[in-house]
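The figures that follow rest on heavy atoms only: side chains count, while hydrogens, waters and symmetry mates do not. On a predicted model such as this, the values are computed, not experimentally measured, just so you know.
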Amino acid sequence: MDDDILVGAERLLYDRKLKEALNALENYRYSGQMQIGAEAIGDIANDFQFMVNFWRMGAPDAQREELYNQLLCRLYVETKNLMIYQRIHRSSYLSSLYKRTRQSGTNWSMLHIREELENFVSNVALLQLEPEHVRAQKRAAIYQKHQTFMSDLFDYILTSSLWSDALLQAYEELLLAPTVDRADQQLLVSAVTMSLLNAFDIKKFMLLTNVYQKATDEYVRQRALVGWVLCANYDVALLYSEMNEVITSILADERCRREFTELQIQLIYCRSTEEDTRKIRDEIMPDLIENNNFRLTKNGIEEIEDDEQEDILHPDSAEQRMEKMENSINKMMNMQKSGADIYFGGFSQMKRFPFFNTISNWFVPFYQEHPDVQQAWANIGTTKFLNSMMRVGAFCDSDKYSFALAYEQVMRRLPESMRQMMERGEAVPVGGEVSIEDQKSPAFIRRIYLQNLYRFFRLFSARSEFTDPFKSDSQDYLFFTRRVYSIASIAHEFSEVATFLMKRKMYDDTAEVLLNYPKGYEDYYYHMLMGRLLILIPKKIERKTQPMLYHFQQALALKPESEAAKRGLGRAYFNEEAYEQAYGVYAELMSLYDENVSYKLYAATCLANLKRYDEALKLLYLLNYNDADNRHVNRVLAWTLRETGKYEQAAGIYEKLCDQENPSKEDVLNYGYCMWFSGNTQQAIALLKSTFNANDLSWAFSRDKDILAAHNISLVERQLMVDEML
């Protein structure tokens, strides 16, 4: 109930209803739950009342609008801090993070934080001056102390309240400083992002946008991009105009627009991870296991001895097995190249190490000096396979840590021949290698980071305490549907994302993106996609957009020579039963594309509906002559013959159409009509009864009443036929 009051107050602030929000918070204070912020909220109420009194006097005030907005923002900060306080103190997990970091005695001033981070860089550099026999021990101590500090700092930021301008400035300097380790900067960006996902803070948001625009380190830039893009919110933009301004400014840059769009497509791939995992498990891995010389057992992987008799009886079998295995590996490589996360299924089982109980470890870039894996790494030694996998394998940081921790156990369970092959570096990770140069590309850096995020939100034990951008019951991941991003400068990118979704048959998501298209900037692709959706899912969007005909007309106006637009226009006219206009379009298409059977078939259908049967049959006979087995042609030909009274010829075609397993209900219905119209009532009854019940047939008769009337089937006869179905 108390949470409802705070959520309601937040909603009122988005609606710019300051007095009602103050009243709601006053009720919250009376409930006895307001542990923080009461004095600040009281000051806001006093300032608001002072402004109201001044307004009542009729005094002009050029700053009134600005002051009102400042009061809204001040109250938003206090409301959000109350929500953060409640969230932390109602969660044993978040509460433990909050208390531990604030009761540890650590100095969390920005001056001390910066000193700690810069001292770490200096201390690591000075290790080179130490004698070799003491260097390892000192290195381990330095990294242990630093990892503990960074983990605590991550938790401190994660559970922080909303920031001031001073904190924004201080953290921005920290994240851009060349004297701070870039891995630390990456981890801090993730901490800010996680905090921002749970509670929007304009200062943290501006920090991420500033870092994205100013950072020279690509790894830091891309984490910042993911953070601000996922956290931007239209409701909050109603309070903070600077959000709209900075987003518009960023997306005016071509490079930023490209990265913004690529990020959206990568997030779509992320949402398909579990589907891709099922495909790998059910379709690819069985072939890999079946066609190699190893088998899985409860004790691990065992090598299968070559069967000499099999080699004699089937000399090509080994080559065939190898070919199947290569095909399976190529399928996985192609999935990976297209953007799929092919490793999630395998590595999801390796997240049970104590290492992953620490939240910051899910986001820290991989480095072998990490205290929690350093000992495991030392035990492993330097194998060519492991070094190669860590260096050029397409693995996210989280999976690298998993493999480093599990490697020793895995190696013990491998056959000797496989172990030796891996030690020599002859084994290549499934999915292939990624060159060092490609690993530096913004797209690759982003993809790896998104995989880290995805694993956290799917596998972390306390993941329910955090706002999940990947949750299956929402479209949070599809940020192109957010009104805050409906900006003219990215109109073309809207079409690109919608086209990508359409190709993946994600029609509902395509519709949501198109419905958020920047108004007044609808282009050819927008109209083509919307028209196509109105063919595929009309009931879901027809009330939210213009008719199909309008969209294809607009598309054709923008590209008068477009075959696709003309084809869509013909379909739109056809769907509206405007057969004269539809025929005009298809006649033009036939003249331009004489080999296209579909255009001729649609033209013939239009002619038949216009009762221009002779012209229709001329086209249909030609099509039937060229392809006698084309069911679509035969279906229209039979219908046209029936309508011209050539029942015997039509019946012969319908008989062939229905002479198969699970024939079309429409074919059976039309065959029955053909028999009925020709006076073969008993055959008609038998045909219709084989497929229809009374209700279905009654509905069909209602739909086809004009056809039945044209063939002199009275209302009484229709009822008698329906009765036969009972």
Side-chain angles (χ1 to χ4, degrees), residues 225 229 232 234 237 244-245 247-269 339 443 475 477-576 581-582 585 588-589 592-593:
L225 169 65
V229 168
Y234 176 77
N244 285 324
E245 292 167 5
I247 290 173
T248 301
S249 173
I250 289 173
L251 295 180
D253 181 82
E254 183 178 354
R255 176 192 179 189
C256 295
R257 288 199 302 274
R258 184 76 257 133
E259 293 180 342
F260 181 81
T261 308
E262 288 174 352
L263 171 58
Q264 178 61 93
I265 290 173
Q266 288 174 319
L267 279 166
I268 294 168
Y269 277 118
Q475 289 181 319
Y477 80 101
L478 199 61
F479 57 80
F480 264 69
T481 65
R482 301 182 190 180
R483 284 190 287 172
V484 72
Y485 293 130
S486 184
I487 300 172
S489 62
I490 58 170
H492 175 75
E493 284 72 18
F494 268 85
S495 295
E496 183 178 344
V497 171
T499 301
F500 178 80
L501 289 164
M502 180 73 88
K503 287 179 179 178
R504 293 175 68 85
K505 298 183 179 180
M506 300 171 70
Y507 302 131
D508 290 350
D509 288 346
T510 307
E512 292 302 318
V513 169
L514 291 177
L515 290 169
N516 193 46
Y517 209 94
K519 299 302 179 187
Y521 293 89
E522 296 86 352
D523 58 10
Y524 166 82
Y525 299 101
Y526 164 82
H527 290 295
M528 287 298 297
L529 289 165
M530 193 62 88
R532 181 66 179 156
L533 283 175
L534 284 163
I535 293 173
L536 294 167
I537 54 169
K539 292 181 180 179
K540 292 189 177 182
I541 63 169
E542 58 190 0
R543 294 183 180 179
K544 302 177 183 178
T545 185
Q546 298 287 344
M548 186 198 311
L549 182 59
Y550 166 83
H551 288 293
F552 285 122
Q553 286 174 331
Q554 293 298 310
L556 194 59
L558 290 165
K559 280 194 177 183
E561 302 305 316
S562 168
E563 178 187 359
K566 290 176 182 176
R567 181 170 61 244
L569 184 63
R571 177 66 181 270
Y573 278 130
F574 188 90
N575 281 16
E576 292 192 2
Q581 293 91 330
V585 175
E588 179 185 355
L589 287 168
L592 294 171
Y593 309 99

Do the side chains of Arg255 and Glu259 get close enough for a salt bridge, i.e. N-O under 4.0 angstrom? yes
So, do Met506 and Lys503 sit near enough that their side-chain heavy atoms are less than 4.5 Å apart? no
Fit a plane to each ring of His527 and His551, take the angle between them on a 0 to 90° scale, and name the class: parallel (under 30°), tilted (30 to 60°) or perpendicular (over 60°). tilted
Is the Phe260 to Phe479 ring centre distance short of 6.0 Å? yes
Between Phe480 and Tyr485, is the ring centroid distance below 6.0 Å? no
Are there over 12 heavy-atom neighbours, none belonging to Tyr524, within less than 6.0 Å of that residue's OH? yes
Side-chain donor/acceptor of Glu512 to backbone N/O of Tyr507, under 3.5 Å: no
Check: Lys566 and Phe552 side chains under 4.5 Å, non-hydrogen atoms: no
Parallel, tilted or perpendicular: ring planes of Tyr526 versus Tyr517, cut at 30 and 60 degrees: tilted
Heavy-atom neighbours of Arg532 CZ exceed 12 at 6.0 Å: no
Do you know which of Leu533, Leu514, Leu534 makes side chain to side chain contact (heavy atoms under 4.5 Å, CB included) with Thr545? Leu534
Salt bridge (Lys or Arg N to Asp or Glu O under 4.0 Å), that's the test. Do Glu262 and Arg258 meet it? Break it down for me. CA-CA 6 Å; Glu262 288 174 352; Arg258 184 76 257 133; 3.7 Å; yes
Between Leu536 and Met502, does a side chain to side chain contact (heavy atoms under 4.5 Å, CB included) hold up when you go through it step by step? CA-CA 11 Å; Leu536 294 167; Met502 180 73 88; 4.1 Å; yes
Minimum heavy-atom distance Ala511-Ile537, with the two atoms named: CB-CD1, 4.3 Å
Please check: side-chain N/O of Arg482 versus main-chain N/O of Val229, any donor-acceptor pairing under 3.5 Å? yes
N/O donor-acceptor pair under 3.5 Å between Glu496 side chain and Phe494 backbone: no
Quick check: do Thr510 and Lys505 have side-chain heavy atoms less than 4.5 Å from each other? no
Is there a donor-acceptor contact under 3.5 Å from the side chain of Ser249 to the main chain of Glu245? no
Minimum side-chain heavy-atom gap Asn244-Val484 below 4.5 Å: yes
Euclidean distance, Ile268 CD1 relative to Phe500 CZ, rounded to 0.5 Å: 5.5 Å
